[in-house]
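Computed over heavy atoms, backbone and side chain alike; hydrogens, waters and symmetry mates excluded.
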Amino acid sequence: MTQKDHKPENGLLISPIQNGTVIDHIKAGEALTVLRILGITGSTEESLSIATNVKSNLTLRPKDIVKISDRELSKEEVNKIALISPNATINIIRNYRVVEKVGVEIPDILTGVVKCPNPGCITNSNEPIESKFEVVDETLHCLYCDNIISSDIVDYII
Amino acid sequence: MHHIISIRDFERDEIDALITKAQKIQSLGSYKRTLSGKLVALLFFEPSTRTKMSFASALSRLGGDAITVDSVEGSSISKGETLADTIRVVSSYVDAIVLRHPKEGAARLASEFASVPVINAGDGAGQHPSQTLLDLYTIKENMPLDNIDVGLLGDLRYGRTAHSLSYALSNYDVRLHTIAPKGLEIPQWLSKELKDRGLDIIEHSSMDEIINELDVLYATRIQRERFPDSASYSRVAHSYRITPETLENVRKNLILLHPLPRAGEIDPGVDSLPYAKYFRQAENGIPIRMAMLEDVML
């Protein structure tokens, strides 16, 4: 099958990737935040396709999709995005086929992902440490200053 | 290596073991010089005369020696060194570090970089485990720590001693009565966490509602800066003031505690009543800190 003959999947505005990771069912409008959390910025080497506010075939609700070529994300990396998009799914693609599909789970400990909102917390000074939060019932507990983040978590993502 | 950073790190049996150790030390009268030859750095990057003196006293009574740093100005921190580096270096000079620091979580950080045990002597508005342990010790000196009614009075929103004590009490079968001015109530996240840990919490809007049914009344300082003006501060401060009259119909076994310094919450007329245990509480800082120093170094 030539590239010309290939018909894109219904509802998708971006073409399939040969190898890499597809993050699907991202909460609409959060694709760029997802990339930021994963540390993928304009200066990294991955080739990316991003679709925002596309209609899901499954739920008919808008969603975002991110496709990252030639990089397979680990579960630990991807779990961080559960903070903002708990329904996202991760598809590992090899030779155009989905070889693994998993949901995301919020990890028990978040390291270096969220900035502690407490200005008096030692993690907000020039010490050689990363922020560290324990996740309990969707509430983040700073392991340094015991501060709690229970809402608007996305505002504190580094 | 064992550090003492936060009361949250303690299981009930560990708290009980420290209290028992402190009781044994106190009952001896003359102390054994168990820490003879040990050198401890008292790093006080924030002024706290009382805590520093009581750690120094506790150490000295056990035969240990102290090197003291009193302020940021007198240390390499003023030259821009990180706390992490300071701790790494100081670790190589001493057998343990007692740290007081203005930043919350500083002691946790120190424990990650130290090659010797770290004891948290208060980090900013954060944890101050020796205070909580001496609070528990003083309660236990007077009654069992189970099946009692404990009242917490004052600024329960910002007061770290109240937060730590309530967390520690959630290890025991205690009914916790909170009495706080409007706006200074116990934070919801903490109250939920304590309830999840099985603590019975009953919120009250005035002291009169509950004072006669308490075994322990723990008063904390209400800070003037939490109020928009001095008139509203005075009004609240007055209604939370404990006087001999307030205590007229209380239980015979009631003990009245305060982490000190007080700012008018307890009338000096109360000092001579049998309920007043806050000076004894301060005195109990010595055996508890002796037990903590032994615990991390022996």
Side-chain angles (χ1 to χ4, degrees), chain A residues 27 33 37 39 74 76-77 79-86 104-158, chain B residues 3 5-9 45-46 72 77 79-88 99-114 118 120 122-129 132 157-164 166-168 186-197:
Chain A
K27 198 170 152 194
T33 315
I37 295 174
S74 71
E76 290 74 33
E77 280 179 284
N79 275 343
K80 294 176 187 174
I81 71 171
L83 283 177
I84 55 157
S85 212
V104 293
E105 290 165 42
I106 297 179
D108 295 338
I109 303 282
L110 283 171
T111 305
V113 181
V114 173
K115 179 181 160 70
C116 184
N118 172 11
C121 179
I122 193 80
T123 57
N124 290 322
S125 51
N126 67 335
E127 297 292 337
I129 46 166
E130 292 187 294
S131 70
K132 209 180 282 175
F133 285 85
E134 187 182 19
V135 185
V136 183
D137 298 335
E138 296 181 8
T139 297
L140 306 189
H141 166 216
C142 175
L143 289 177
Y144 285 93
C145 75
D146 291 329
N147 198 39
I148 298 283
I149 309 177
S150 50
S151 57
D152 304 323
I153 291 172
V154 67
D155 293 348
Y156 302 107
I157 291 172
I158 293 168
Chain B
H3 307 283
I5 305 301
S6 164
I7 201 70
R8 288 173 168 266
D9 302 335
F45 295 126
E46 180 181 70
V72 173
I77 294 226
K79 297 172 191 155
E81 186 176 57
T82 61
L83 177 64
D85 279 2
T86 304
I87 293 294
R88 273 194 189 116
L99 177 71
R100 173 90 168 205
H101 196 278
K103 289 275 181 187
E104 292 163 55
R108 180 79 64 199
L109 172 144
S111 70
E112 291 170 4
F113 289 89
V118 174
N120 185 4
D123 48 0
Q127 288 285 332
H128 193 3
T132 307
R157 181 167 178 196
Y158 300 101
R160 68 172 173 189
T161 48
H163 291 181
S164 299
S166 55
Y167 192 90
I186 194 163
Q188 266 190 349
W189 63 264
L190 180 60
S191 158
K192 180 182 178 300
E193 187 179 15
L194 296 173
K195 281 177 187 159
D196 289 348
R197 287 175 56 83

Contact leader toward chain B among A:V136, A:L143, A:N124, where contacts are heavy-atom pairs under 4.5 Å =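 Of A:V136, A:L143, A:N124, A:L143 has the most heavy-atom pairs under 4.5 Å with chain B.
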Which of these passes side chain to side chain contact (heavy atoms under 4.5 Å, CB included) with A:Y144: B:E104, B:E112, B:K103?
->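 Output: one option passes, namely B:E112.
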Part of B:E193 lying under 4.5 Å from any heavy atom of chain A =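 For B:E193, there is no contact with chain A at all, as no heavy atom is under 4.5 Å.
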Measuring from B:R100:CZ to B:H128:NE2, what's the distance to the nearest 0.5 Å?
->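 Going from the CZ atom of B:R100 to the NE2 atom of B:H128 covers 5.0 Å.
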Is a side-chain donor-acceptor pair under 3.5 Å present for A:E130 with A:T111?
->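 On atom types as modelled, these side chains do not qualify, holding no pair under 3.5 Å.
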Non-hydrogen atoms of chain A under 4.5 Å away: do they reach the side chain of B:Q188, the backbone, both or neither?
->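 Neither; nothing under 4.5 Å.
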Do A:C116 and A:F133 have side chains that get closer than 4.5 Å, going by heavy atoms?
->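 Yes, their side chains come closer than 4.5 Å.
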Which region of A:N118, side chain (C-beta onward) or backbone (N, CA, C, O), has a non-hydrogen atom less than 4.5 Å from a non-hydrogen atom of chain B, or is it both or neither?
->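 Contact with chain B: side chain only.
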Give the member of B:G124, B:G105, B:P187, B:G126 that has the highest number of heavy-atom pairs under 4.5 Å with chain A.
->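 If we count pairs closer than 4.5 Å to chain A, B:G105 comes out on top.
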Pair B:R160 + B:D123: basic N to acidic O under 4.0 Å =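 Looking at B:D123 together with B:R160, the answer is no, because their closest N to O distance does not fall below 4.0 Å.
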